[in-house]
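Just below is one structure, and these are the notes that go with it.
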Amino acid sequence: MDPAVRLASTIADPLVCQLLLPVEATPDRAQAEEELLARLVSFRGENPPLSYETLLSLARELVGLAALAHRLPPEDEEPVAAVLSRTLWIIGELDTTDVQAVRLGPQDFARKLRSAVPGADRGLNPDAAWFHDRLLVTVCLHLLHHLIRRSPVLADRMPERAHRIRQLIDLNDVEAVRGRPEPSAVDAEFEARYARSIAEQYNRVTIYGIDLPNPNTPDSWSLDATYLSLSAEFDSPDRRADHSDSGEPVLPADRALGGHERVLLRGVAGSGKTTLVQWLAVSAARDALPPELSSLRGRIPLVLPVRRFAREGFPSPEDFLRAVRHPLADEAPDGWVARVLTEERGLLLVDGIDEVPESERAALRGQLRRLMRIYSGNFCLVTARPSAVEPNWLADEGFDELALAPMSRDQVAAFITAWHTAAADDEGKDHRRLAEYRDQLLSSIPLYRELRGLATNPLMCGLICALNRDRSGSLPQGRKELYEAAMEMLLQRRDPERRVLYADAVKLRRGARERLLRKLAYRMLVDRRAELTMDEALEEISRHLPAIPSTAGQGRPEDIFNHLLLRTGLLREQSDRSIEFVHRTVQDYLAAKEAVEQGAFDMLLDHAHEAEWEEVIRMAVAHARPAECARLLGGLLAPGRKGMQRNRRRLLAAACLEHVTELDPDTHARIRRETRHMVRPTTLEGARSLGWVGPIVLEMLPEPSSVPDKEAHRLAVTVTRINDDAAIHYLAQLRNRASLELRAELARGWRNFDTDRYAEEIIAHLDPEGLYYPVSDRFELAALRKLGGRARVQIVGPFTPDELLEGLVHDQLTHLWLAYDLGVPMGWLAAFPQLTTLRVNPRLPRVTGVPDGVRILA
């Protein structure tokens, strides 16, 4: 079948317009900001002009017209028409307004309709169900276009969304007539070479911090062998509203992208955003995307690391490859990228919006928005650190927002195992020791709060693995200590312990190595860049060598630089010979240390309200001496800033208290006093953002017993994001509330804490009425079984049916919610005699083999 079911406007409009009342029969739009669609459709109300039988006839005609071009077997036409008519009929029962429908767009509006008629397509075979879903999207597109044409209010209120829908209509009309064009022979030949180069370029991943005795051991591994699917949750109010009964489930990040054309993905430093971009690029280039991402098949991955063009601005399509220094940039046929985008075959992967200075970010957004309007229909993923851009930063362009979730206990264990498996390529006794270190680490992380708090993303997990091996199981506590130990390992002990003694003529100890690396990091910080050219790096080295006596007689600046590049493991060279640090967090750590050394506190304070400086400020506070620390924190509280900048600086001051070694009591008390009233978030976005402040915020929150349920829910959203034992104590004071919304948030927070303690202190006490209990790994499944099971369970992790048959209490389960694809027929559910309802997340493939008597909800 073709990738979409299309109907030209000349064919669809005469039919779709019959679904709505004539303009003269509808409310005066000059008097109404929004109107319920149920009042505008022609088949509801008293004496409706359109009966259900006529609606079914219209559905038959739409199906018949589309079936001609898409080879739907004749015997499937009537069942599809019956489902389509029932799905359209539900418009008259929803409380959705015309404004909300247009804002949703055709795909999400179609998904909303389909979810409101659970099980309607149960009798359709997979091909017929596929045809129905795509035809429903096309009908919704024409319906929304008709609403816009007849209502100037809609077009005026949402000009960008209206423009987008008109573009989709134009494209639909073109492709309905002539079909999607095939690339020319020249383009096709280049695309094959380009796909091979993308697969080769991005199919390597560094497991940060690995360091083995054998100097020939590689420092990176195949993405195929080491890729870990992280988890994500939707981060937009509209998306959460669609699943308000128990919250949007946490899903595998790659699968969560399914069914979405545009996504803004947020994640903290080291959380795996870039690795996900690499996986998407490689999978698309190899045509090896999973079924959940079938809409991306056949698309051309265009990877756009923002750091490559942060200073120049977003490139035009003809400059895409040159801007990112792709090796085939000079061989691409003229206009090739523009043709790919015009034909809607692009997979745009824009990685690292936070690499652009905040003052220039709005301009970059404008350039990206213009690109997406001109070349609509291409998939686009944009990544950023959480606080780099405000909520709904690209919402007007139809971007859904996802946030990478902290790694679960199972994901941490999988990462540790993968790290040691990759390291085990070095054979012999070291292989056995690595197995011992792996097992020791796997048993230690659940026991120690500090380790649990650090092991929440791939970067930190990699450092913990490397240091656990390097220090024979004696791990440092805290983030600053972790990085200091890593610097010692890589800058001082790495070569001697690997017996790399004569790799070059340069002999530098840790102090000199670190000072020179700090100079490079500081230059990048001041220039607001994530890389330097080779000439710039050599210039910086040359400028500082005379001030470092131990470098005298060690060779030319080129020799010193090559020594840093090859022997420290902290720098890497790009194909164009530009230089960058292996991770932005390493750059921030070293730059912060140099800033404190130079006493550049005024510069730090001038930029403290900018998101890309947050990590630098935190690390600077950790490096600073007591008087310097007080100066920095006092500067964050100083008057002169207004609005969001002022609030961000004050919350940053509170967050920095976690890293303070010594601070005078007056400054500490002042921070507590001036931020106390900022920890009463009024929105869910604010509650999430407050979580990044860290454990110190727990001391400032109001007493749980003194707040109403709505505020208690927002406080729970904050506290469930703080991995600290004191957080469980705070949440325990909310566990007896009746609010389903609050209880659902408390249940969702389970994955962020020690499983058994959270189960004992929180999960066991929640009122089960109407509540789905999420289980994401085998530890939670076992803990829930130990509590006697629950009637409603939500599966949000990669289980097999055998694991669920063993872990779920058979005579307890009445409602099962699948938020994760199990990939097998559902016949095994017959083992649960009380099961009445199976809820399936709409983004998952359809389930089959469900026992009779079990109702399916979408």
Side-chain angles (χ1 to χ4, degrees), residues 5-27 35-70 72-98 100-102 104-124 128-151 165 169 172 176 842 858:
V5 175
R6 305 184 186 276
L7 286 173
S9 296
T10 53
I11 296 174
D13 281 353
L15 300 175
V16 172
C17 71
Q18 297 181 49
L19 301 176
L20 299 174
L21 292 168
V23 174
E24 58 271 14
T26 58
E35 189 61 52
L36 285 174
L37 277 177
R39 295 186 60 190
L40 301 179
V41 295
S42 58
F43 44 83
R44 287 304 174 96
E46 295 184 21
N47 302 315
L50 198 72
S51 65
Y52 183 80
E53 289 72 21
T54 309
L55 178 62
L56 176 59
S57 178
L58 279 175
R60 290 188 182 115
E61 195 166 354
L62 288 165
V63 170
L65 290 168
L68 293 174
H70 296 276
L72 182 71
E75 61 272 18
D76 287 337
E77 290 188 25
E78 183 62 27
V80 170
V83 175
L84 181 62
S85 62
R86 288 200 294 274
T87 309
L88 295 174
W89 182 260
I90 206 67
I91 298 174
E93 296 181 0
L94 297 179
D95 59 359
T96 304
T97 67
D98 50 1
Q100 291 170 335
V102 172
L104 283 171
Q107 286 195 355
D108 282 347
F109 183 49
R111 184 180 294 112
K112 188 177 185 71
L113 297 182
R114 186 170 159 273
S115 300
V117 195
D121 56 355
R122 191 171 181 179
L124 300 182
W130 179 96
F131 181 92
H132 166 267
D133 289 353
R134 279 148 185 79
L135 176 58
L136 178 62
V137 171
T138 297
V139 173
C140 287
L141 171 63
H142 289 286
L143 180 64
L144 297 182
H145 186 228
H146 194 57
L147 284 171
I148 291 169
R149 284 189 303 177
R150 57 187 266 156
S151 173
I165 288 174
I169 285 289
N172 180 85

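- Taking both residues in full, the closest heavy atoms of Leu37 and Ala101 are given as CD1-CB, 3.8 Å, listed atom of the first, atom of the second, then distance.
- With hydrogens and angles disregarded, a donor-acceptor distance shorter than 3.5 Å links the side chain of Ser85 to the backbone of Ala82.
- A salt bridge between Arg149 and Asp13 is present, with a side-chain N of the basic residue lying under 4.0 Å from a carboxylate O of the acidic one.
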For this session: Before giving the answer on side chain to side chain contact (heavy atoms under 4.5 Å, CB included), spell out for Leu113 and Leu94 the whole-Å C-alpha distance, their side-chain angles and the decisive distance to 0.1 Å.
Result: CA-CA 9 Å; Leu113 297 182; Leu94 297 179; 3.6 Å; yes
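- When all heavy atoms are compared, the tightest approach of Leu124 to Pro79 is CD2-CB, 3.5 Å.
- Residues Val139 and Leu15 fail the side-chain proximity criterion, which asks for heavy atoms closer than 4.5 Å.
- Inter-residue side-chain proximity for Leu135 and Leu7 is flagged as met; some heavy-atom pair is nearer than 4.5 Å.
- Annotation for His146 and Cys17: closest pair NE2-CB, 3.3 Å, computed over non-hydrogen atoms.
- At distances below 3.5 Å, not a single donor-acceptor pair connects side-chain atoms of Ser57 with backbone N or O atoms of Glu53.
- For the side chain to side chain contact (heavy atoms under 4.5 Å, CB included) with Phe109, the lone residue among Leu141, Leu136, Leu143 that qualifies is Leu143.
- Proximity of a side-chain donor or acceptor of Gln18 to a complementary backbone N or O of Pro14 within less than 3.5 Å is detected.
- Nearest heavy atom pair, residue Gln100 against residue Thr96, reads OE1-CA, 3.4 Å.
- With hydrogens and angles disregarded, no donor-acceptor distance shorter than 3.5 Å links the side chain of Thr87 to the backbone of Arg114.
- In summary, Glu78 and Arg60 engage in a salt bridge, as defined by a charged side-chain N under 4.0 Å from a carboxylate O.
- Between Leu36 and Arg39 there is a side-chain heavy-atom pair separated by less than 4.5 Å.
- Checked by atom type and distance alone, the side chain of Asp98 pairs as donor or acceptor with a backbone atom of Glu35 at under 3.5 Å.
- Residues Leu19 and Phe43 form a side-chain contact, since some pair of their non-hydrogen atoms from C-beta on lies under 4.5 Å apart.
- The two residues Leu21 and Pro49 come nearest to each other via the heavy atoms CD2-CG, 3.8 Å.
- Using modelled atom types, no side-chain atom of Ser151 and backbone atom of Leu147 make a donor-acceptor pair closer than 3.5 Å.
- The shortest distance between side-chain heavy atoms of Ile90 and Arg86 does not fall below 4.5 Å.
- Looking at every heavy atom in both residues, Val137 comes nearest to Pro106 through O-CB, 3.8 Å.
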